[in-house]
Amino acid sequence: MTLHIDDLRVRHLGECRYDSPLSEMLTTKQTSPHYVAEGDRVLLEDTVSMLAGHDVPPEQVPSFEAAGPRKKTYFDPSSVTAGIVTCGGLCPGINNVIRGLVQELAVHYKVKRILGFRNGLRGLTSEYRDDTVELTPEHVRDIHNAGGTILGSSRGNQDPDEMVDSLVEHGVDVLFVIGGDGGMRAATCLSTAIEARGLDIAVLGVPKTIDNDLPFTDQSFGFQSAFASAMDFISSASVEAAASPNGVGLVKLMGRHSGFIAAYAALAANGADIVLIPEIAFALDGPDGLLAYVEQHVRKKGYVVIVLAEGAGQDLLEEPGLPHRNGQATDASGNLRLGKIDDLLKERITDHLTAVGLAPTMRYIDPSYAIRSVVANAYDSVYCLRLAHAAAHAAMAGRTEVAVARWRRRFVHVPLSLMTSRRNQVDPDGDLWMSVLETTCQPAEFGVQREGEKVPSGFC
Ligand SMILES: Nc1ncnc2c1ncn2[C@@H]1O[C@H](COP(=O)(O)OP(=O)(O)OP(=O)(O)O)[C@@H](O)[C@H]1O
Ligand SMILES: O=P(O)(O)OC[C@H]1O[C@](O)(CO)[C@@H](O)[C@@H]1O
Ligand SMILES: [Mg+2]
């Protein structure tokens, strides 16, 4: 997808006319390796060859608006009511973001009021819109010490107009939506409905997902805490498998369409022999298939450790996502329910190893929600706080239909249209997957050949 600078432009509600309470801090600020001055932009691409591909002057090269405080604000802070909503699956650090928003808005901007809508976007429907919670610095002082979200979350679709009615009823001027891809889509719908009614309400997204599947952000908050937690389960599976006759350690991790948690956790644990992710198809049978490789491993090493992303190998299940597998084809938000690839692998590996005289001891671990309900680690805590600051500044400056993100280590404004334009996935030709292959020594693919390519039989 080739992007033009216009694709990266951010919507403004209007001219910034009020002196920002932070303006004094900004008087001497200039762009440096550690700061991007107001008005400067952050490049989308970062290699010489990619930049050389654009035959345009530097100011037209695709770039993001830099995040951060402005000298002037669009809103008069003292008259602002802010709303916060958290939606979708849990993710470490949501409370940190809520806390950071409340502190920045209350302490520095001294906004009039901050409302938390409860239980996700459901909290903006007519039925639940009065079940709000007033958020103050005192209220949020210690919430970063707990996982989850103090506001609650949910899945399920809501009518944008009904949600806008709730914002109007509560006099909300800026709404912060902390959500994943679905949440960012919902924020876009809300913003469209707000614009259609000619209302002056800013909608800001703070991208949240342990799957790290949102684009145009280096990594999403909470991802690091989640894969650090997943790492411990891989280590446990390795210990168990190594101590068992023909041990098979199988760890299933979250990751519907993107295998980042599996890849990073496996690298962190550095004890996995095989990593299977949704982005790379694999065959079970045949001389280059997964089962033959597992057998070879168990014969040579005595055990094998497999890290499996939940969305991997869905094509191997007869009817992926169909009702009989999980009761319903999709969840309340329309996300496809996945087939149980872990069940298939357990069965096929056990059958295969038994047939070749290596009856296995299966050590299966599904940490499931345990990795996303943890408290944010120190890195994520800092990251969440800084994202919250960036979101508060963007809102007060009248930016709307935009998400805050960290891009190549700088904080930037990403139009929601871009945030929802594609999915971030592990690139089979990228250096992350190369590191996984170097670490596990597994072949680049199991029995599935790309056109005109010979499948290598492994590095080690
Ligand atoms: N395409 C869409 N258009 C409008 N709203 C949507 C859309 N998809 C999801 N939503 C809304 O966004 C909310 C969150 O979506 P979803 O449950 O998919 O989680 P998410 O934000 O993607 O988070 P995660 O994937 O990390 O769990 C849902 O309650 C739903 O109302
Ligand atoms: O059971 P829930 O809450 O729908 O969440 C499950 C999904 O949420 C995620 O954590 C994030 O979308 C996925 O990895 C996982 O499949
Ligand atoms: Mg999602």
Side-chain angles (χ1 to χ4, degrees), residues 85-94 97 117-125 128 147-149 151-164 166 175-193 203 205-215 217 219-223 225-227 229-230 252-262 264-265 277-278 308-312 314 321 326-342 366-374 401 403 416-417 419-425:
V85 63
T86 61
C87 51
L90 292 184
C91 177
I94 301 178
V97 175
F117 291 94
R118 302 178 77 104
N119 300 318
L121 294 171
R122 203 175 73 173
L124 282 156
T125 58
Y128 295 102
T149 158
L151 295 177
S153 192
S154 65
R155 299 194 190 274
N157 287 315
Q158 290 78 31
D159 175 34
D161 278 312
E162 200 179 319
M163 293 196 284
V164 176
S166 300
L175 178 71
F176 298 92
V177 180
I178 306 172
D181 57 333
M184 296 301 110
R185 286 196 175 88
T188 311
C189 291
L190 268 168
S191 184
T192 306
V203 179
V206 184
K208 159 224 69 104
T209 154
I210 60 158
D211 289 356
N212 198 37
D213 58 357
L214 281 162
T217 176
Q219 276 183 358
S220 45
F221 79 77
F223 166 66
S225 306
F227 83 70
S229 167
K252 185 182 89 166
L253 295 172
M254 283 189 169
R256 273 189 180 127
H257 306 286
S258 302
F260 288 104
I261 299 175
Y264 271 87
I277 59 172
L308 171 69
E310 62 179 335
Q314 290 293 303
N326 295 292
Q328 276 181 308
T330 56
D331 70 12
S333 294
N335 299 303
L336 192 69
R337 286 192 191 275
L338 299 170
K340 298 203 176 307
I341 186 65
D342 45 334
D366 176 5
S368 182
Y369 300 109
I371 68 164
R372 72 177 200 189
S373 51
V374 297
E401 219 170 300
L416 287 179
S417 53
M419 261 294 156
T420 54
S421 63
R422 51 176 288 248
R423 181 176 279 140
N424 189 33
Q425 289 192 299

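In each ligand, atom 1 is the first atom listed, and ligand 1 is the first ligand listed.
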Review point. For Thr209, is at least one N or O under 3.5 Å away from an N or O on ligand 1?
Key: no
Practice item. Using distance alone, decide if ligand 1 has a nitrogen or oxygen within less than 3.5 Å of any nitrogen or oxygen in Gly180. Key: yes
**Study point:** Numbered atoms of ligand 1 (with element) below 4.0 Å of Cys189, judged on heavy atoms
**Key:** 3 (N), 4 (C)
Review point. Is the side chain of Ser373 donor-acceptor paired with the backbone N or O of Gly147 at a distance under 3.5 Å, no angle test?
Key: no
Point to revise | atom 1 (O) of ligand 2 [closest protein heavy-atom partner, distance rounded to 0.1 Å] | key: Tyr369 OH, 2.5 Å
Practice item. Report the relative orientation of the aromatic rings in Tyr264 and Phe223; use parallel for angles under 30°, tilted for 30 to 60°, perpendicular for over 60°. Key: perpendicular
Check your understanding: Is a donor on one side and an acceptor on the other found under 3.5 Å between the side chain of Glu401 and the backbone of Thr192?
Key -> no
Exercise for review: Ignoring angles and geometry beyond distance, decide whether Gly89 reaches within less than 3.5 Å of ligand 1 through its nitrogen or oxygen atoms.
Suggested key: yes
Review point. Are the side chain of Thr188 and the backbone N or O of Met184 linked by a donor-acceptor pair below 3.5 Å?
Key: yes
Check your understanding: Is it true that a side-chain atom of Ser258 and a backbone atom of Gly255 form a donor plus acceptor pair closer than 3.5 Å?
Key -> no
Check your understanding: Do the side chain of Lys208 and the main chain of Gly89 share a donor and acceptor less than 3.5 angstrom apart?
Key -> yes
Review point. With a 4.5 Å limit on heavy-atom distance, are the side chains of Phe221 and Ile94 in contact?
Key: yes
Check your understanding: Has Asp211 got any heavy atom lying under 4.0 angstrom from an atom of ligand 2?
Key -> yes
Check your understanding: When you measure from atom 22 (O) of ligand 1 to every protein heavy atom, which one gives the shortest distance, and what is it?
Key -> Asp181 OD1, 2.5 Å
Review point. Do any N or O atoms from the side chain of Gln219 and from the backbone of Asn212 form a donor-acceptor pair under 3.5 angstrom?
Key: no
Review point. Checking only N/O/S atoms, does Asp181 have one that is under 2.8 Å from the Mg ion (ligand 3)?
Key: yes
Practice item. Check ligand 1 against Gly156 and write out every atom of the ligand that is under 4.0 Å from a heavy-atom position of the residue. Key: 28 (C), 29 (O), 30 (C), 31 (O)
Check your understanding: So, Asp366 and Lys340, do they make that salt bridge, N to O below 4.0 Å?
Key -> no
Practice item. Pull out every atom of ligand 1 sitting under 4.0 Å from any heavy atom of Leu121, numbered as shown with elements. Key: 11 (C), 12 (O), 13 (C), 31 (O)
Point to revise | Nearest heavy atoms of Val374 and Ser225, plus distance in Å | key: CG2-O, 4.1 Å
**Study point:** Protein heavy-atom partner closest to atom 14 (C) of ligand 1 - residue, atom, separation in Å
**Key:** Gly183 N, 3.7 Å
Review point. Going by the order shown, which atoms of ligand 2 are within less than 4.0 Å of some heavy atom of Gly255?
Key: 14 (O)
Revision key, fill the gap. Under 4.0 Å from one or more heavy atoms of Arg155, ligand 2 contributes atoms 2 (P), 3 (O), 4 (O), 5 (O), 6 (C), 7 (C), 8 (O)
**Study point:** Flag, side chain of Thr330 to backbone of Leu336, donor-acceptor distance under 3.5 Å
**Key:** no
Review point. Does some side-chain heavy atom of Phe117 sit less than 4.5 Å from a side-chain heavy atom of Arg122?
Key: no
Check your understanding: Quick one: which of Arg372, Arg256, Arg337, His257 has a heavy atom closest to atom 12 (O) of ligand 2?
Key -> Arg256
Check your understanding: Of all the atoms in ligand 2, which lie at a distance below 4.0 Å from a heavy atom belonging to Ile210?
Key -> 10 (O)
Review point. With no hydrogens and no angle check, is any side-chain donor or acceptor of Arg185 less than 3.5 Å from a backbone partner on Thr420?
Key: yes
Review point. Can you find an N/O atom of Arg185 closer than 3.5 Å to an N/O atom of ligand 1?
Key: no
Review point. Is there at least one pair of N or O atoms, one from Arg256 and one from ligand 1, spaced under 3.5 Å apart?
Key: no
Review point. In terms of atom number and element, which parts of ligand 1 are under 4.0 angstrom from non-hydrogen atoms of Asn335?
Key: 16 (P), 17 (O), 18 (O)
Check your understanding: Can you tell which of Gly205, Gly334, Gly182 gets a heavy atom nearest to atom 7 (C) of ligand 1?
Key -> Gly182
Check your understanding: For Thr209, does its backbone N or O pair with a side-chain atom of Ser220 as donor and acceptor, under 3.5 Å?
Key -> yes
Check your understanding: Relative to the heavy atoms of Ser154, which atoms of ligand 1 are at a distance of less than 4.0 Å?
Key -> 29 (O)
**Study point:** Closest protein heavy atom to atom 17 (O) of ligand 1, given as residue, atom name and distance to 0.1 Å
**Key:** Ser333 OG, 2.6 Å
Check your understanding: Lys208 heavy atoms, cut-off 4.0 Å: which ligand 1 atoms fall inside?
Key -> 23 (O), 24 (P), 26 (O), 27 (O)
**Study point:** Atom indices of ligand 2, in the order listed, that fall short of 4.0 Å to a heavy atom of Glu310
**Key:** 13 (C), 14 (O), 15 (C), 16 (O)
